[in-house]
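Order of the sequence lines sets the chain letters (A, B, ...), proteins ahead of strands, with each chain counted from 1.
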There are 4 protein chains.
Amino acid sequence: MPHAGRPRSEQSRCRILQTALRLARTRGYANVTMDEIASEAGAGKQTIYRWWRSKAEVVLDALRENARVEIVIPDTGSLREDVAGFLSSTFDAQQRRTGMTRVLQAMMAEAQHDKDFADLFRDSFIEPRRETLRTLFARAHARGEVRTLDEVDLWIDVAFGVMWYRLLADVGPLDATLAEKLASLLSEASGAHPKGVTTAAKK
Amino acid sequence: MPHAGRPRSEQSRCRILQTALRLARTRGYANVTMDEIASEAGAGKQTIYRWWRSKAEVVLDALRENARVEIVIPDTGSLREDVAGFLSSTFDAQQRRTGMTRVLQAMMAEAQHDKDFADLFRDSFIEPRRETLRTLFARAHARGEVRTLDEVDLWIDVAFGVMWYRLLADVGPLDATLAEKLASLLSEASGAHPKGVTTAAKK
Amino acid sequence: MPHAGRPRSEQSRCRILQTALRLARTRGYANVTMDEIASEAGAGKQTIYRWWRSKAEVVLDALRENARVEIVIPDTGSLREDVAGFLSSTFDAQQRRTGMTRVLQAMMAEAQHDKDFADLFRDSFIEPRRETLRTLFARAHARGEVRTLDEVDLWIDVAFGVMWYRLLADVGPLDATLAEKLASLLSEASGAHPKGVTTAAKK
Amino acid sequence: MPHAGRPRSEQSRCRILQTALRLARTRGYANVTMDEIASEAGAGKQTIYRWWRSKAEVVLDALRENARVEIVIPDTGSLREDVAGFLSSTFDAQQRRTGMTRVLQAMMAEAQHDKDFADLFRDSFIEPRRETLRTLFARAHARGEVRTLDEVDLWIDVAFGVMWYRLLADVGPLDATLAEKLASLLSEASGAHPKGVTTAAKK
DNA sequence: ATCTAAACGAGACGGTACGTCAGGTCTTGGT
DNA sequence: ACCAAGACCTGACGTACCGTCTCGTTTAGAT
């Protein structure tokens, strides 16, 4: 059965998402209340709760809508360059827009005390980005640059682990230099042969 | 002039810390209220606020007091084994005591929306652990196992980055296997020659 | 435009007023907390603060709602009897219902350290009762029982002054005897000549 | 056995009383805390609680110490003038010193929710003043100005009732005019023969 | 053209926890 | 034993958000 009643207002949906992201970036996610979002978006609170389960889900949704086209998935023929490019682009996207870093931190924070959101966040944000990196390693494997994909999850953990660690614990910047270093580290780790043997050509 | 007035009650301090950590572990950090901590510790809420600025600071303090003796700093003569031992011990300490993982997640989450706490957390929790790892690398350098310490911060980022990433994003377990793999990765990356072999050409 | 949003809940309003008065009478105004009123009325604390500024205003409101029909305004044709009847009825209403005296004392006490409440109390409680008495004197003046209304405020002060003084300083009972004596005092003072006679003997 | 240990410090006692009254007058009784009194008096809180049971008792004590000499007990040979003089002096004492009115209001308010203080207040403040007025009526009776003292308590209630009523309910000023009017009313009621006629027996 | 039903704005509702404040008690070292 | 200082426990406060619940209004497709 196709119909019944008034259809969802696209205008409301957009205004809520835009307002949520704007407020989260300018005033800090934690300082923004649902009442504010509703009020600033000219929407009723119920309208928000009808379509999203929590403030976190609204902001995450806004984040995804917003970031849909920002990240580049490079294909240069070199694992090191691919990884460096992808990480560089990822870091950039976060730093460029003021307050975006804060929003990401808040998303991860929120995931810590909301199991439902944690699942959504992992499935719709964390995993897709892991998948992208996995693709880069798979391509490199196909090219023969990488001997085995057995440890690909560990390599991904290293890349994103360092990123999130710096982001969350504020122990260092996310810049092109870091992207380069991580790319080098991972391309070596994934292509080297530890036992001092021939090691063969690395590049 | 040495003092004035009634001295701080050591009993209260201990009971508050113990109660805070116990409640946080058993019922989840977010579900514990200041009123509960005060009440269960037989303390007044004001007494808590007199010495700590927030629930997070209380729990962090309890965490430090508690963890003072838990972590082993190994010295086996081998960087790989030292790192593996340290990480293993760190992971264990988190998994062994029920609920400890949750508390750590909550601490990191809290640091995301409380600047004051973030600073305290980094200085009194994050950095000391980095320092330990730094010591292991410095020893290995002194032994000649590591060629240069230029990238030691990156290696530390890798170790803790992966740990926190798995902890927070729930993308994999923190077990002995991971400790071993990270140790291998880092000892290789840092230029180690496990068995005194030629190391061959690295680049 | 008549409205917008959910209308105020009459049920909540009533339950809050009833609960407030009941608790104040049974347990003593000072021993009742806002949390208790809210909790017992099945209301949120915010709902109380949304419509009243303080506990005192809630109780006063309840008092007015409750006392709307209790006081008799007599019209016997004799000033002395009118005043005696009115005061008697007023005293009775306070003594009959257990705890009511205490509530009145508390209201007056509250007015002493809350300017806003003092104004409300005077305008909505004190003055209406003065007005009633003023009416009795005005009627008597119209009948020729009272020579002039110049000092009517003083007479009113005397009646209520003695009442409140005994109530607050606990220096004597509020009973029918007092009502009679005050009525006599005031009818004499105001120049009444009960039976149109030469003023002569009073009783 | 007369003594033991350090004697009570007269300096402390005075400073506490002075500070309490000063603060109560300048900032309003309700806005003053025990901590403030102690701190401003350079005393410990315990020192206050050692000698007084509550803030109200401290202030009342200060009030009595302060007012010891202020009130005149006139003896002019005329009841009307005696009463007018006494009330006038009483009203003046309250109005002259800024904030004193407020303190009296607060005392009476405090008596409403502290039974112990109520007793102390009545016995040491209310009753002595009643007694003074009683003396005036007794003298007048001895002079033959007053026929009987049967209703002296009512007359006293009228005088102080109007005073407190105006003070507490803010329904009129306490000035010389009021003192005169009350004196007239009471002297008439207590012995006068309003119409020059026989007036006959009152009861 | 009317009917029906869901979505909409507004905003009041029941709750939970917060951080603060004051009261009155207790515990130091010092007089 | 008294004192100043100040930490202690207790308990109420008024505020801030949460997520839910009415209201009357709007907006489409189905009748």
Side-chain angles (χ1 to χ4, degrees), chain A residues 1-9 11-13 30-36 38-39 41-55, chain B residues 1-13 30-36 38-39 41-51 53-55, chain C residues 1-9 11-13 30-36 38-39 41-51 53-55, chain D residues 3-9 11-12 30-36 38-39 41-55:
Chain A
M1 199 246 291
H3 120 288
R6 178 179 179 174
R8 177 171 183 184
S9 157
Q11 191 196 17
S12 258
R13 192 187 133 275
N31 304 320
V32 177
T33 69
M34 286 303 240
D35 291 77
E36 269 176 324
S39 158
K45 245 199 307 183
Q46 194 62 268
T47 302
I48 303 183
Y49 282 107
R50 193 176 295 117
W51 305 108
W52 295 276
R53 275 184 299 188
S54 64
K55 182 171 62 158
Chain B
M1 198 251 290
H3 100 114
R6 180 179 181 171
R8 176 171 182 183
S9 160
E10 181 62 15
Q11 192 196 17
S12 260
R13 194 189 130 274
N31 304 318
V32 177
T33 69
M34 287 303 239
D35 291 78
E36 268 176 326
S39 156
K45 239 197 308 187
Q46 198 65 262
T47 301
I48 302 182
Y49 282 108
R50 200 188 334 274
W51 303 109
R53 276 183 298 189
S54 64
K55 184 171 61 159
Chain C
M1 197 251 289
H3 99 115
R6 180 179 181 171
R8 175 171 184 183
S9 159
Q11 191 195 19
S12 259
R13 195 189 130 275
N31 303 319
V32 178
T33 69
M34 286 303 239
D35 291 79
E36 269 176 325
S39 157
K45 236 194 315 182
Q46 198 64 263
T47 300
I48 302 183
Y49 283 108
R50 192 177 296 116
W51 303 109
R53 276 183 298 189
S54 64
K55 184 172 61 158
Chain D
H3 114 291
R6 179 177 179 174
R8 175 171 184 184
S9 157
Q11 191 196 15
S12 258
N31 304 319
V32 177
T33 69
M34 286 303 241
D35 291 77
E36 269 176 325
S39 157
K45 244 200 307 184
Q46 194 59 267
T47 303
I48 302 182
Y49 281 107
R50 205 186 333 271
W51 305 107
W52 296 275
R53 276 184 299 187
S54 63
K55 183 171 61 158

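Across all their heavy atoms, A:Ala38 and A:Gly44 have their closest contact at CB-C, 4.1 Å. Annotation for B:Ser9 and B:Ser12: closest pair OG-N, 3.0 Å, computed over non-hydrogen atoms.
If you find the closest nucleotide of DNA chain F to B:Gly42 and to C:Gly5, the one lying nearer the 5' end belongs to B:Gly42. Nearest-nucleotide positions on DNA chain E place C:Pro7 closer to the 5' end than the other of C:Ser39 and C:Pro7.
The distance from atom CD of B:Glu10 to atom P of E:dT27 is 16 Å, rounded to the nearest whole Å. As rounded to whole Å, 14 Å separates atom P of F:dC9 from atom CZ of B:Arg13. Protein atom CZ of B:Arg50 is 12 Å distant from nucleotide atom C1' of E:dC21, rounded to whole Å. Atom P of nucleotide E:dG15 and atom CD1 of C:Ile48 are separated by 12 Å, given to the nearest angstrom.
For the pair B:Arg8 and B:Trp51, the distance from NZ or CZ to the six-membered ring centre is under 6.0 Å and the angle to the ring normal is within 45 degrees.
Note that the OG atom of A:Ser39 and the NZ atom of A:Lys45 stand 11.0 Å from one another [nearest 0.5 Å]. Here B:Tyr49 contributes atom OH and B:Ser54 contributes atom OG; the two are 8.0 Å apart, rounded to the nearest 0.5 Å. Taken to the nearest 0.5 Å, the CD1 atom of D:Ile48 stands 11.0 Å off from the NZ atom of D:Lys55.
Across all strands shown, C:Trp51 has heavy atoms under 4.0 Å from sugar-phosphate atoms exclusively, and none from any base. D:Ser12 comes within 4.0 angstrom of sugar-phosphate atoms only, judged by non-hydrogen atoms across all strands, and of no base. Using a 4.0 Å heavy-atom criterion, one finds that A:Ala43 contacts the sugar-phosphate atoms exclusively.
Look at B:Thr47 and you won't find any side-chain N or O under 4.0 angstrom from OP1 or OP2 of F:dA7. Residue A:Ser9 places no side-chain N or O under 4.0 Å from the OP1 or OP2 atom of E:dA7.
No hydrogens or angles were tested; on distance alone, a donor-acceptor pair under 3.5 Å links the side chain of B:Arg6 to the base of E:dC26.
B:Glu36 is linked by a side-chain hydrogen bond (donor to acceptor under 3.5 Å, both in side chains) to B:Arg27, counting only residues two or more places apart in sequence or in another chain.
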Sequence-aligned protein contact record of nucleotides 11-16 of chain F, with B where the base is within under 4.0 Å of a protein heavy atom and S where only the sugar-phosphate is: -SSBBB
